[in-house]
Amino acid sequence: MIRSAGLIAGACLALLTGIPAACAEPLRVVASFSILGDLAREVGGEHVVLTTLVGPDGDAHVYEPRPADARALAAADVVLVNGLLLEGFLPRLLAASGTKAPAVEVSRGAAILADPEGGHYHVVDGQAVFHATPNDPHAWQSVHNAKVYVGNIARAFCEADRARCASYEANAVAYGHALDALDAEIRQTIDAFPADRRVGVVAHNAFRYFERDYGVRFLSPQGLSTEAEASAADVASLVREIRAGRAVAAFAENISNARLVERIAAEAGIALGGTLYSDALSKADGPAPSYAAMMRHNARTIAAALAVD
């Protein structure tokens with residue numbers, strides 16, 4: 001083994017005029033939350049070392065950074081962020097880390113929806129702070145937008161690591177084809193149900209892009225952030241709307257406490273349809289360990305609930 005390593009090192013030294021990708025240092029990438037981390041892994045493959053700040057089942061709306069996060073940012077070559085003011089914790093963390101890496105907003109160029117609430121809440125130093133924003137940050141809930149994210153990630157990796165750009169671009173193209181197939185699969189799954197049955201209830205309003213692209217309407221007592229609190233009036237209004245026959249099932253979310261949704265479902269007399277993944281992936285042994293698995297799981301969970309009379 002030692003002799004083999006020496007031969008590899010010698011071959012790399014002999015090619016200093018054009019260091020092969022296999023001999024170059026991996027690209028050090030920090031992704032702000034788990035969904036971006038998975039997209040980065042698809043594009044970067046074996047050529048990246050990835051750190052994800054907000055991990056599986058974590059909520060970027062209320063995340064409070066750790067010292068290890070600043071150290072990871074300081075060592076990064078590329079930082080991937082959603083943008084659209086999703087990561088309220090990040091600006092101060094970037095400044096504190098002293099990182100020289102570019103912070104790339106991967107949502108740039110995506111088809112973005114306006115935020116009907118005019119903003120959302122984040123936790124800053126343990127306090128809920130309202131951030132005004134004109135846009136809904138949950139753009140990854142559209143597979144079409146996820147393709148835009150992938151293209152932006154590939155360009156960011158190429159800028160930071162031109163020697164392996166061809167590999168990043170090839171990975172992005174291949175994954176883009178897989179996303180096209182996923183988009184068609186979701187449409188086929190949802191289109192099997194009449195439009196007047198495609199209404200559900202979720203804890204916070206993270207699925208408006210899924211609504212737009214796939215024709216499922218979600219009612220929610222909270223706004224775009226899990227930190228927003230649903231008032232008694234909001235809940236009562238939603239229950240009245242559900243009782244009028246406009247919702248078929250209620251869904252828990254992996255990043256939110258299910259008690260509010262359970263209460264609404266009980267008061268409205270509708271079924272609980274399972275758990276949807278909104279702002280984070282599941283752990284590796286869960287049903288949504290990757291972006292594609294997350295979107296497929298959500299579509300199938302919704303379809304199973306809609307199929308129950």
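Please read these numbers as outputs of a predicted model, since none were measured by experiment.
- Crowding of Glu46 atom CD: a count of heavy atoms from other residues, nucleotides or ligands under 6.0 Å not exceeding 12.
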Steps toward side chain to side chain contact (heavy atoms under 4.5 Å, CB included) verdict (Val261, Val202): CA-CA 7 Å; Val261 167; Val202 290; 5.9 Å; no

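- At most 12 heavy atoms of other shown residues, nucleotides or ligands fall within 6.0 angstrom of atom CZ in Arg263.
- No side-chain heavy atom of Arg71 sits under 4.5 Å from any side-chain heavy atom of Arg66.
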Test side-chain hydrogen bond (donor to acceptor under 3.5 Å, both in side chains) applied to Asp279 and His61, step by step: CA-CA 9 Å; Asp279 295 18; His61 294 292; 2.9 Å; yes

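- The two residues Asp57 and Asn254 come nearest to each other via the heavy atoms OD1-ND2, 3.0 Å.
- Without hydrogens or angle criteria, Asn82 side chain to Ser32 main chain gives no donor-acceptor distance under 3.5 Å.
- Between Leu36 atom CG and Asn152 atom CG the span is 11.0 Å, to the nearest 0.5 Å.
- Cluster annotation: Val148 and Phe157 are assigned to distinct hydrophobic clusters (Ile/Leu/Val/Met/Phe/Trp/Tyr, side-chain heavy-atom contacts under 4.5 Å, transitive).
- Here the side chain of Arg28 pairs no donor or acceptor atom with the backbone of Ala72 at under 3.5 angstrom.
- For the pair Ile186 and Asp213, the minimum side-chain heavy-atom distance is 4.5 Å or more.
- Considering all non-hydrogen atoms of both residues, Asp38 and Pro289 come closest at OD1-O, 4.4 Å.
- Rounding to the nearest 0.5 angstrom, the gap separating the CD atom in Glu253 from the CG atom in Leu260 is 10.0 Å.
- You'll find the side chain of Lys147 reaches within 4.5 Å of the side chain of Asp180, heavy atoms only.
- Between the Thr301 side chain and the Leu276 main chain, no donor and acceptor come within less than 3.5 Å of each other.
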Worked check of side chain to side chain contact (heavy atoms under 4.5 Å, CB included) between Asn298 and Phe207: CA-CA 10 Å; Asn298 286 351; Phe207 294 95; 4.0 Å; yes

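- Linking Ile, Leu, Val, Met, Phe, Trp and Tyr residues whenever their side-chain heavy atoms come within less than 4.5 Å leaves Val29 and Val49 in two separate clusters.
- Looking at heavy atoms from C-beta onward, Leu39 lies in side-chain contact with Tyr175 at the 4.5 angstrom threshold.
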From CA spacing to verdict: side chain to side chain contact (heavy atoms under 4.5 Å, CB included), Ser278, Ile255: CA-CA 8 Å; Ser278 54; Ile255 64 167; 3.7 Å; yes

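- Tyr149 is not listed as a side-chain neighbour of Tyr291, based on a closest heavy-atom distance of 4.5 Å or more.
- A distance-only check finds a donor-acceptor pair linking the side chain of Asn145 to the backbone of Ala139 [under 3.5 Å].
- Inter-residue side-chain proximity for Val150 and Leu179 is flagged as met; some heavy-atom pair is nearer than 4.5 Å.
- Heavy atoms only, all atoms of each residue included: Leu50 and Gly37 are closest at CD2-O, 3.2 Å.
- Proximity of Val143 to Tyr214: side-chain heavy atoms (C-beta onward) are separated by under 4.5 Å at one or more points.
- Leu272 and Leu219 sit in two unconnected hydrophobic clusters of ILVMFWY residues. Membership requires side-chain heavy atoms under 4.5 Å apart, directly or through other members.
- The distance from atom CD1 of Ile270 to atom CZ of Arg243, rounded to the nearest 0.5 Å, is 10.5 Å.
- Considering only heavy atoms from C-beta on, Met295 comes within 4.5 Å of Phe210 through its side chain.
- In this pair, Phe251 and Phe218 present their aromatic rings perpendicular. The plane angle is above 60°, beyond the 30 to 60° band.
- In this structure, the side chain of Arg197 does not engage the main chain of Ala307 through any donor-acceptor pair within 3.5 Å.
- Of the possible polar contacts, none joining the Thr52 side chain to the Gly55 backbone as a donor-acceptor pair under 3.5 Å is found.
- Interatomic distance, Leu86 CG to Phe33 CZ, rounded to the nearest 0.5 Å: 5.5 Å.
- Although no hydrogens or angles enter the test, the distance criterion places a donor-acceptor pair under 3.5 Å between the side chain of His297 and the main chain of Thr275.
- The distance from atom CZ of Arg300 to atom CD of Glu185, rounded to the nearest 0.5 Å, is 5.0 Å.
- In this structure a side-chain-to-backbone donor-acceptor pair under 3.5 Å is present from Ser97 to Leu94.
- For Tyr209 (side chain) and Leu113 (main-chain N/O), a donor-acceptor pair under 3.5 Å exists by modelled atom type.
- We find the CZ-CG distance between Arg187 and Leu182 to be 10.5 Å, quoted to the nearest 0.5 Å.
- Nearest approach of Leu281 to Ser34, heavy atoms of both residues: N-OG, 3.0 Å.
- Closest approach of Val104 to Ala156, counting heavy atoms only: CG2-CB, 3.8 Å.
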Worked check of side chain to side chain contact (heavy atoms under 4.5 Å, CB included) between Arg217 and Arg246: CA-CA 9 Å; Arg217 185 182 175 209; Arg246 301 187 64 185; 2.3 Å; yes

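- Considering every non-hydrogen atom in both Ser220 and Asn205, the closest pair reads OG-N, 3.4 Å.
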